[in-house]
Amino acid sequence: MNVVVTNSYDESCAYVADMICRLVNEKPDCKLGLATGGTPVPMYKKLIEANQAGKVDFSKVRTVNLDEYCGIPATHDQSYRYFMNTNLFDHINIDKANTYVASGMGDPQANAAALEAKVREGGVADLQLLGIGNNGHIAFNEAADKLHATAHIEKLTESTIHANSRFFEKEEDVPTTAITMGMGDILAAKCVVLIATGLAKTEAIRGLVMDDVITTHNPSTMLKMHGNVYVVIDRELADAVGYKG
Ligand code: F6R
């Protein structure tokens with residue numbers, strides 16, 4: 001595992017944006033696995049700037065998102081489709097027909113099967129971007145006694161509902177289930193890049209970078225089984241974790 005420690009969160013975002021731009025320049029029709037949440041937003045801003053400055057062309061890029069809330073339509077301002085449009089797709093020259101965010105509406109099992117097919121369609125992701133939950137979840141694979149390999153419906157934990165309530169008017173408005181890629185879908189990507197910042201992520205990142213233990217109670221630890229992972233953290237988080245490398 002490559003642990004990259006930067007001087008600041010802004011530098012972490014620049015590092016990851018640069019990785020993505022280099023990939024897209026080398027392989028214009030690459031497939032990106034994308035994430036939502038607060039963490040990647042400044043990184044997406046850097047991709048927008050690079051695109052608008054003519055430094056990277058997204059016209060042939062294909063994307064598949066990790067997850068989507070169940071029960072809210074794509075037009076809802078907290079849906080992950082809406083998030084991706086407003087934080088990235090609306091501002092770059094990507095063809096939205098080449099972007100996929102699972103549907104949270106309609107038949108959940110059919111939606112999970114459709115997401116699973118998209119993960120494999122035209123080959124697996126060249127790069128999968130991840131954030132990490134305070135409890136170590138990646139996508140919406142929640143810390144539990146068992147995990148799932150493929151796309152499925154997940155009941156969100158209290159910790160995740162509470163953490164995500166900052167985006168909603170009240171905690172009761174946060175959906176309690178979500179559709180998510182499974183662990184096998186994430187591990188299938190050719191390269192996995194996880195960005196984390198903030199002291200709330202300390203325990204999760206400690207479990208990920210400080211030893212070789214793999215536990216379903218910190219799903220991110222399964223990334224230790226992948227040969228091409230970058231964990232990008234800033235010095236503040238690295239110090240809190242006790243990471244010296
Ligand atoms: C989002 C996702 C989640 C988030 C995680 C961290 O698509 O899959 O796993 O990455 O909940 O969220 P933030 O970045 O808001 O702390």
Side-chain angles (χ1 to χ4, degrees), residues 9-10 12-13 16 32-45 63-70 72 74 76-89 99-104 112 115 118-119 125 127-144 147-148 151-168 171 174-187 189 192-205 207-208 216 218-223 229-234 236-237 240:
Y9 173 37
D10 184 61
S12 297
C13 290
V16 174
L32 302 176
L34 296 179
T36 62
T39 308
V41 172
M43 195 283 291
Y44 287 148
K45 283 210 177 81
T63 70
V64 180
N65 262 75
L66 286 169
D67 42 20
E68 177 60 287
Y69 287 122
C70 288
I72 58 176
H76 189 289
D77 67 3
Q78 289 307 325
S79 80
Y80 286 170
R81 164 50 76 182
Y82 187 93
F83 175 103
M84 289 310 304
N85 287 349
T86 52
N87 284 293
L88 184 64
F89 300 152
T99 70
Y100 185 80
V101 183
S103 172
L115 172 58
K118 279 286 173 186
V119 168
L127 184 151
Q128 176 65 58
L129 178 68
L130 295 178
I132 185 170
N134 299 348
N135 60 359
H137 73 229
I138 51 176
F140 273 130
N141 295 281
E142 292 283 28
L147 297 172
H148 294 263
H152 62 284
I153 306 298
E154 188 90 12
K155 188 168 166 7
L156 304 185
T157 62
E158 288 299 318
S159 149
T160 300
I161 291 171
H162 180 67
N164 289 4
S165 65
R166 69 192 196 279
F167 299 115
F168 289 79
E171 195 155 325
V174 184
T176 55
T177 55
I179 175 169
T180 180
M181 283 188 201
M183 299 304 302
D185 297 325
I186 294 169
L187 292 171
V192 178
V193 182
L194 185 151
I195 321 180
T197 187
L199 299 185
K201 308 288 168 74
T202 304
E203 286 315 311
I205 294 294
L208 178 58
T216 60
N218 178 345
S220 76
T221 60
M222 292 192 77
L223 297 175
V229 174
Y230 290 79
V231 176
V232 185
I233 54 177
D234 44 65
E236 182 192 46
L237 181 52

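Indexing begins at 1, ligand by ligand and atom by atom, following the structure's order.
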Could you tabulate the donor-acceptor pairs under 3.5 Å formed by side-chain atoms of residues 192-199, not counting sequence neighbours?
| from | atom 1 | to | atom 2 | distance (Å) |
| --- | --- | --- | --- | --- |
| Thr197 | OG1 | Asp234 | OD2 | 2.6 |

**OP:** Could you please spell out the steps behind the side-chain hydrogen bond (donor to acceptor under 3.5 Å, both in side chains) verdict for Glu154 and Thr180?
**Re:** CA-CA 7 Å; Glu154 188 90 12; Thr180 180; over 6 Å; no
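Residues Asn134 and Lys201 form a side-chain contact, since some pair of their non-hydrogen atoms from C-beta on lies under 4.5 Å apart.
A donor atom on one side chain and an acceptor atom on the other are found under 3.5 Å apart for Thr99 and Arg81.
Listed by chain and number, the residues in a ring-ring contact (aromatic ring centres under 6.0 Å, His included) with Phe168 are Tyr69 (sequence neighbours excluded). With sequence neighbours left out, Phe83 forms a ring-ring contact (aromatic ring centres under 6.0 Å, His included) with no residue at all.
Closer than 4.0 angstrom to ligand 1 lie heavy atoms from Ala35, Thr36, Gly37, Gly38, Thr39, Leu66, Asp67, Gly131, Ile132, Gly133, His137, Ala139, Arg166, Lys201.
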